[in-house]
Amino acid sequence: MKAKENSKPLKTAKKITEAPAPKQHSFFEDVWDVVRQIPKGRVTSYGAVASYLGTKMSARMVGWAMNAAHHSHPPVPAQRVVNRNGMLSGKHHFPTPDAMEKMLKKDGVKVENDTVKDFANLFWNPSEELGL
DNA sequence: GCATTGACGAAGG
DNA sequence: CCCTTCGCCAATG
């Protein structure tokens with residue numbers, strides 16, 4: 001049901017990055033849910049998550065979801081999500097550029113030159129782990 | 001309402 | 001093998 005919560009000239013007070021999904025089961029929330037299931041010390045890629053959700057071509061949306069994930073709750077370990085290259089492409093979106101790799105190292109993931117070391121080995125594929 | 005951008009990825013040249 | 005282009009979907013200008 002769609003409850004039109006507004007009919008008044010509300011000046012877009014609703015900003016994204018807070019809760020883009022008024023309802024659950026949104027692509028964003030699905031992404032967060034998968035990312036939250038990433039085991040500590042493991043990492044995955046945007047494409048892998050997208051592929052698990054069935055939209056492998058929409059890997060970019062996963063990145064967008066991560067952006068909103070910063071305000072989601074429970075917190076989403078976005079630092080465990082990197083691009084297919086294993087590079088910390090999103091580190092610039094964290095509070096501080098080194099927050100991402102710092103958290104990864106805390107998870108036991110070695111990061112060097114903004115890239116996850118032994119990425120192929122640490123790669124966590126939701127389609128496999130969660131069941132294809 | 002159209003044009004541009006974006007934390008990607010695959011394909012083409 | 002490196003660079004460019006296209007596709008995806010949504011948000012922003």
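Convention: sequence-line order gives letters A, B, ...; per-chain numbering from 1. These numbers come from the heavy atoms of this one structure, side chains and all, not from hydrogens, waters or symmetry mates. The structure presented is a predicted model; accordingly, all values stated were derived computationally and were not measured.
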Judged by nearest nucleotide, the residue sitting upstream toward the 5' end of DNA chain B, Trp64(A) or Asn85(A), is Trp64(A)

Grab the [atom1]-[atom2] distance between [X] and [N] for me, whole Å please.
X: Asn67(A); N: dC8(B); atom1: CG; atom2: P; result: 11 Å
X: Phe27(A); N: dC9(C); atom1: CZ; atom2: C1'; result: 8 Å
X: Arg84(A); N: dA10(B); atom1: CZ; atom2: P; result: 6 Å
X: Met57(A); N: dG7(C); atom1: CE; atom2: P; result: 9 Å

Tell me, please, which residues at least two apart from [X] pass side-chain contact (heavy atoms from CB on, under 4.5 Å).
X: Met57(A); value: none
X: Trp64(A); value: Phe28(A), Met61(A), Asn67(A)
X: Asp98(A); value: Thr96(A)
X: Lys102(A); value: none

Selection: [range], any non-hydrogen atom under 4.0 Å of DNA chain B:
range: residues 102-121 of chain A; answer: none
range: residues 37-53 of chain A; answer: Ser45(A), Tyr46(A), Gly47(A)
range: residues 86-93 of chain A; answer: Ser89(A), Gly90(A), His93(A)

Testing dA7(B), dG6(B), dA10(C) for proximity to the side chain of Arg60(A), the answer is dG6(B)

Give the nucleotide from the list dG9(B), dA10(C), dA7(B) with an atom nearest to the side chain of Phe28(A).
dA10(C)

With heavy-atom distances below 4.5 Å as the criterion, would you say the side chains of Val34(A) and Leu53(A) are in contact?
yes

Can you check whether Thr115(A) reaches Asn85(A) side chain to side chain, under 4.5 Å on heavy atoms?
no

Provide the full list of salt bridge (Lys or Arg N to Asp or Glu O under 4.0 Å) pairs with a residue in residues 73-87 of chain A, sequence neighbours left out, each pair given once.
Arg80(A)-Asp107(A)

ring-ring contact (aromatic ring centres under 6.0 Å, His included): which pairs involve residues 78-101 of chain A, sequence neighbours left out?
His70(A)-Phe94(A)

What interatomic distance, in whole Å, is found between [atom1] of [M] and the corresponding atom of [N]?
N: dC1(C); M: dC8(B); atom1: P; value: 23 Å
N: dA7(B); M: dC2(C); atom1: P; value: 23 Å
N: dC8(C); M: dG1(B); atom1: P; value: 23 Å

side-chain hydrogen bond (donor to acceptor under 3.5 Å, both in side chains): pairs with one or both residues in residues 50-61 of chain A, sequence neighbours excluded:
none

Qualifying side-chain hydrogen bond (donor to acceptor under 3.5 Å, both in side chains) pairs, either residue in residues 117-127 of chain A, two or more places apart:
Asp118(A)-Asn121(A)

Over all atoms of both residues, closest heavy-atom pair of Asn83(A) and Phe119(A):
O-CZ, 3.8 Å

Side chain to side chain donor-acceptor pair (under 3.5 Å) partners for Lys105(A), two or more places apart
Glu101(A)

Under 4.0 Å between any heavy atoms, over every strand shown, what does Ala78(A) touch: base, sugar-phosphate, or nothing? Just pick one.
base

Base, sugar-phosphate alone, or nothing: which one does Phe94(A) contact when heavy atoms must sit under 4.0 Å apart?
base

